[in-house]
Structure formats: C-alpha cells, structure tokens
Amino acid sequence: MNTQIHIREARSSEAVGQIGKAIWHCNQALFLDPKCVDALLILGSISARQGRTAEAEAFLRRAAETDPNCYDAVRWLCTLLIGKNGGLDAVEFGRRAIDLRPNEAEAHVILGLAFLGTGESALAISSLETATRINPQMGGAFHNLGVAYQRDESYEEAIIAFHRATELSPGLVDSYLHLGRCYLAKDMGDEAIECAQKAMSLSPNSASVQRLFSDARFAAVHGPTGLQHIAAAIDKDPRGGFPHALMGSRLQELGDFDAAEASIQRSIELQPVQGFAYYLLAHNRKIREDDRPQIAAIEAISQKSNLILEESQYIHFALGKAYDDLGDYEKAIRHFDLAHEQDERAEAANIKPAPDRHSNRVHRFTQLFTKEVIEQFAQLGLESEEPIFIFGMPRSGTTLLEQILSRHSTVGAAGELFFWRDRSRRIVNFSEAAINTSELTKAGHKYLDLIRELAPGKAHVTDKFPSNYAYLGLLHLIYPKAKFIHARRNPLDTSLSIYMRPFSTNQGLGRTRRQIVETYQLYREAIQHWRETLGPDRFLDVDYEWLVQNPEENIREIIEYCGLEWEDACLRPEEGDRRVITFSKWQVRQPVYTTSVERWRRYEPWLGVFSELIEKG
C-alpha cells in the first residue's frame, strides 16, 4: 500500500469517526514518506480537535517547514496559536497565509483574529474590513469585524457589522448577543430587547441570552418608552418587587420623589431581600434620624451570605449614603469600602484588569492633536455656534451646569452623548497618525443633526459627557466657534464622590481608590495639555466651590461667556422640569447648596491613597 492510498484511507476513516484508524494510516504514510505533508495536516487537525494543542502545533509546524507554501498548514497554525505567548506567532502565520493567498477572504479573517489576540484592534479592523470587501457574503467576517469594533468601543460601526452578520447568518446567536451589547453601550434598550428576543428564539435556555434580556429590559426603562415597559412589567407580575423599584428610579428622574418613594417602598415590601431598591431609597432624599429602624433592617440584610455580588454592593452603597447623611462617617466609609471590596482584592492579588481603553484614548488624542496639527487642519472647521460642551471629571458639577444653562429659553440639553467617543475612530487613524478629513466633516454635520433632533428649535444645545475632555482638540478643530465649559472641583471631593457611587468601569473611572486617583491624574494632565495647545482662554473654568458659594456672580459669567442674554430663570436650576439622568437625581432638584464643599475633611482619617491628591489640589 503506497503513501497516497494511506492518505485516502486516513481521510475516509476520519470522515466516519474512526479516528484511531485514521491515525494509523497517517503513521504508515509517514513511515513511507517522512515528509508527507497531508499526513502531518491530518494528524495536526485530529490532535487540535482532541485538545492536544502542543502535539497539533508540532505536526503543523513540521508541515509548514516541509512545504512553506502549504496554505492549510499556516492558516491552521495561525488559528491554533491565537492568544498563545502573546499571539505574535499567530500574527506571523496569518501574514504568511495572506502572502500565499492575498485574495482569499479567509486569510484576512484569520489574520484579523490574530491581531485581536494581541489586542491590536485597529490592525484587526483593517484585516477584517479587507475580508468583507473580498467576500461581501461572508457572515463570519462581518461578525468578527463587529467584535473588533466592539473591543475598540466603536459601537456605531460594530452595530453595522453585526447587523450585516445577522442578515447573512440569521441563525448565529452570538451575533445577536454582541449586537445587543453594543446597543446597551449606547443606552438603546429597546433595540437591545429586540436582539435578546431574536437570540432567545434561537437559544431559549442560554444563560448569556437571559442575561442580555434582563440587562436590555433594565436599560429600556430609562429610554423614551421606559414608563410603558415598567407598567407592562408590573401588569404582568404585580407581586414582583423589581419593576416597582424601576418605576421608582424613573420617577426620580422626573423629579417626583414622593411617588418614587412609594414605588420603592412597595418594591421592598414585595421583595425585602434585595439591594437596588434600598440604594434608590437612600438617594431619594436626605436620610433622617427617624429612618434608623429601616437602616438597621438594611444592615441585617447586608449580613446575608446568599446575596449576589451586585445586590450586596447596592446595599453597601445605600448604607454608606445613609450614614453619611447621619454624620457617622466612619460607618459610612466602611460600607463604601465593602462595596468595593472585591475590586480591591483583585488589585491586591495583581489580577490583570481589563485593558484601560480610556487611558489609551486620552494619551493618543493628546499626543496627536498638537498646535501644529490643529493649525494644519484649521480650514476644516464648521461655522456652527450651537454646541456647548460641558466636560470635566464626573461628580464635578457638570449636571448643575447643564441645569443652569438649560433654564435659558434659547438653550436645550442633550444630556451625555457618547457620539465623539464612538465616532472618533472613523476620523483618526492612530496607527498612521492620520486624520480622515472627509469623515471629520461628515461627523461634524451628523452631530449637529443629532443635537437639533434632541433639542428642536434651540439656538444652543449642551452636551455634558464628562469624558469629552479627551477630545477637546478634535472638537475645537470641528467647532472653532463652539463654547467649552470646564467643570472643576476639589480633587479629593471629586474622587470621594466617585468612590461613593456604583460607576461602571466602561466610564473610564476604575473602581478602586488607586484607579480613581490615576484617572484623576490622567484628566489633569489632559486638561493641562489642552490649555497649552488651545490657549488659556479657549474654555471657561468653573470651580464648583466658587459656583455654589457665589451663584449669581458665577452664573452671570457663564451666561455672558456663552453669548446669551441674561434671564433670571438661570438662577433657579432646581426648578427645571426636564428629565435628569444622573446619580444625584435628588440633589439637582434642590436649590444650589454648599454642603458638598470640602466634604473630604469629614473622611480625612480614612483617605488612604486619595491623600496623594491633597498637595496637588
């Protein structure tokens, strides 16, 4: 029996599941011809499927060394080595695959996956976009392109890619899951629900699908149709506690705190062991001495061992807020620390955190947008004076500034828009340090269309996404006549306030004390860069402490800076009737107050690494 007969028999045996027989024939073929590439490929494939990756790699490397032009050997090696030893070997074999078959979409897909394995999302996107151009009918290529965009936090592009993937491969559950998560990243709960429903029809028992559906419903209640979603949930399950808590949250956003408290208390009555409703209750108003019996009940619940992590964290954040209101700061900080306990343990154990995309983004933008670059592209700027960008660290007064300005008859409020975070990757190619001028202009016009839709008939519209401080060079380039207002607050008060709220990591803040300090330092360096690059008068600094202590003087300065006629309504931001989505739903409905100035002094004995900000504050 010659080599070719053994190979034919090996393939036939493998096809019918007779793996042992297939291996025997491959070994016989190699005995007759030690350089039989087909035998090495079959053995490598079988070993990989059986989880013997080291053995598979050895067979495939022998095949590639024997025949450097063997496409199957290099593409399988690329796939096998993704994420292994840093992933560089996978990239090398992926590039060899493209050298062998430059017009093969699959080759560009596997190189894209290899780049994803090394964390180089921009290079992955480039490879996967090439694959989709070569074969526009390849659903898997669009799915992987969506994953690459998603990792790059370019959610608009990811949504387009995943939509195409679902059109080409409607039975692929993962595409609906990823698409739903992208919608959630953009606070588009209704669209995420549609994805979850489609995924559930394909895989009703999947835990991932059920989690997406739960998260999508939670997000949808904060969207335009939120009240209808909540009312439907209550009608469906009137004895369920969670929908009543959601109703309380929505009523808080609308400023109806009495009705909110009734809904929250109803949630607690129906479901006493939970965390979310207690968190809402603590933030519905200032906690008083006569609330101590309920605080004791919450303390008892916090000791239960069967609470899931998220509920436990909400309870500790609630107790921290309650004790802060009552002036028991030692107990307050203990509960805030307990809310962050798992994150602190992970940091102490040197568990590698997720890549800090926010930090990378800030560094890239400040390095690229120099005075010279801004002068070079200055002619691209639009004439619009509509946008008013309010930026700074979260918890620094951005919401108060938005409330003040939106009380003016010519100013609308768009809330926090993720537009520039999501759109910037189309405009800037950091790997080539290049600006796509046509995308820049297109994005500038699209943003104006968006804010006009959100605040029709208004001459100016505020965007208070705090992290827009990362993009000030880009925003100045596009809107040289726009107004920029920098919300600034004592770094210790800012950092403590962030620590006392359940911010998510995708907001670029981190969760531990150390991470928050590093984020604040990053922000401060970025602001200094823009001050030097754009000029000291390009944005108006508004110090929170000075604003709340001298409101009329400062508010008049803000209104004058924005080029607006004076209106007394701006002195009464608490009377605004627009919906407010912020952690301080109750505080923004109160008259301007000074109780949060130098709040850090109450916690001085327990500052820890936050004390690093004292000297620089």
Working for salt bridge (Lys or Arg N to Asp or Glu O under 4.0 Å), residues R421 and E156:
CA-CA 10 Å; R421 182 198 70 181; E156 287 187 7; over 6 Å; no
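- Separating the CD1 atom in I110 from the CD atom in E106 is a distance of 6.0 Å, to the nearest 0.5 Å.
- In terms of heavy-atom proximity, I485 sits nearest to C562 at CD1-SG, 3.9 Å.
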List the steps and the verdict of ring pair (Phe, Tyr, Trp, His ring centres under 6.0 Å) for F93 and W76.
CA-CA 9 Å; F93 284 109; W76 290 350; over 10 Å; no
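- A distance of 9.0 Å separates OG of S406 from NZ of K458, quoted to the nearest 0.5 Å.
- Side chain of H529 to main chain of Q367: no donor-acceptor pair is present (N/O by atom type, distance under 3.5 Å, no hydrogens or angles).
- Annotation: cation-pi geometry not satisfied between K186 and F418 (NZ/CZ under 6.0 angstrom from ring centroid, within 45° of ring axis).
- Residues G444 and L382 approach most closely at C-CD1, 3.7 Å, considering heavy atoms.
- L613 has its side chain within reach of R524: a pair of non-hydrogen atoms, C-beta onward, lies under 4.5 Å apart.
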Steps toward side-chain contact (heavy atoms from CB on, under 4.5 Å) verdict (D215, R181):
CA-CA 9 Å; D215 293 344; R181 290 294 167 189; 2.8 Å; yes
Evaluate I516 against T512 for side-chain contact (heavy atoms from CB on, under 4.5 Å), listing each step before the verdict.
CA-CA 6 Å; I516 293 170; T512 68; over 6 Å; no
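- The heavy-atom pair separating P136 from L168 by the smallest distance is O-CD1, 3.6 Å.
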Could you check V147 against F162 for side-chain contact (heavy atoms from CB on, under 4.5 Å), going step by step and ending with a plain yes or no?
CA-CA 8 Å; V147 171; F162 285 127; 3.9 Å; yes
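- Atom CG of L123 sits about 7.0 Å away from atom OG1 of T118, to the nearest 0.5 Å.
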Verify ring pair (Phe, Tyr, Trp, His ring centres under 6.0 Å) between F389 and Y447, making sure each step is shown before the conclusion.
CA-CA 12 Å; F389 293 102; Y447 179 77; 5.7 Å; yes
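- Proximity of a side-chain donor or acceptor of D152 to a complementary backbone N or O of A148 within less than 3.5 Å is not detected.
- Residues H108 and I98 have side chains in contact (heavy-atom distance under 4.5 Å, counting atoms from C-beta outward).
- With values rounded to the nearest 0.5 angstrom, T130 atom OG1 is found 9.0 Å from L111 atom CG.
- When every heavy atom of K442 is checked against every heavy atom of R423, the shortest pair comes out as CD-NH2, 3.9 Å.
- Heavy-atom contacts from other residues, nucleotides or ligands closer than 6.0 Å to CH2 of W546 number 12 or fewer.
- H486 places a side-chain heavy atom less than 4.5 Å from the side chain of F391.
- No side-chain N or O of D493 forms a donor-acceptor pair with one of Y544 less than 3.5 Å apart.
- Side-chain N or O atoms of T366 include one that pairs as donor or acceptor with a backbone N or O of H363 at under 3.5 Å.
- A salt bridge links E386 with R452: at least one charged nitrogen is closer than 4.0 Å to a carboxylate oxygen.
- Side chain of R75 to main chain of G94: no donor-acceptor pair is present (N/O by atom type, distance under 3.5 Å, no hydrogens or angles).
- Formation of a donor-acceptor pair under 3.5 Å by the S396 side chain with backbone atoms of M393 is found in this model.
- Looking at V411 and T462, their side chains come closer than 4.5 Å, going by heavy atoms from C-beta outward.
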Step by step, would you call V542 with I390 a side-chain contact (heavy atoms from CB on, under 4.5 Å)?
CA-CA 10 Å; V542 178; I390 302 170; over 6 Å; no
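- H476 has its ring centre no less than 6.0 Å from the ring centre of F484.
- Side-chain atoms of W420 never come within 3.5 Å of backbone atoms of L475 as a donor-acceptor pair (strictly under, hydrogens ignored).
- Between L564 and L405, some side-chain heavy-atom pair lies under the 4.5 Å cut-off.
- The backbone N or O of G146 lies less than 3.5 Å from no partner atom in the side chain of N144, so there is not a single donor-acceptor pair.
- Side-chain contact between P502 and Y279: present, with at least one pair of heavy atoms (C-beta onward) separated by less than 4.5 Å.
- Using a 4.5 Å cut-off on side-chain heavy atoms (C-beta onward), Q376 and I435 make no contact.
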Determine whether Y149 and Y155 satisfy the following criterion, ring pair (Phe, Tyr, Trp, His ring centres under 6.0 Å), listing intermediate values before the conclusion.
CA-CA 7 Å; Y149 276 129; Y155 296 112; over 10 Å; no
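- At least one side-chain heavy atom of P573 sits under 4.5 Å from a side-chain heavy atom of L400.
- Checked against the 6.0 Å centroid criterion, the rings of F336 and F610 do not qualify as a close aromatic pair.
- Side-chain N or O atoms of T132 include one that pairs as donor or acceptor with a backbone N or O of E129 at under 3.5 Å.
- Taking 4.0 Å as the cut-off between side-chain N and carboxylate O, D89 and K84 do not count as a salt-bridged pair.
- Here the CD1-CZ distance, from I498 to R513, works out to 13.5 Å after rounding to the nearest 0.5 Å.
- Here CD of E545 is found 9.5 Å from CG of L547. Values are rounded to the nearest 0.5 Å.
- Between the Q528 side chain and the E525 main chain, no donor and acceptor come within less than 3.5 Å of each other.
- Between the side chains of E385 and H460, no donor-acceptor pair of N or O atoms lies under 3.5 Å.
- Across every non-hydrogen atom of G381 and P480, the tightest pair is CA-CD, 3.8 Å.
- Checked by atom type and distance alone, the side chain of T398 never pairs as donor or acceptor with a backbone atom of P394 at under 3.5 Å.
- Using modelled atom types, one finds a donor on one side chain and an acceptor on the other under 3.5 Å when comparing K464 with T399.
- Within a 6.0 Å radius of CD in E560, other residues, nucleotides and ligands contribute 12 heavy atoms or fewer.
- Taking each heavy atom of L440 and I427 in turn, the nearest pair found is CB-CG2, 3.8 Å.
- By the 4.0 Å N-to-carboxylate-O rule, K371 lies too far from E532 to be salt-bridged with it.
- Between H358 and Y523, a ring centre-to-centre spacing not shorter than 6.0 Å is recorded.
- Looking only at atom types and distance, the side chain of D190 has no donor-acceptor partner in the side chain of Y183 under 3.5 Å away.
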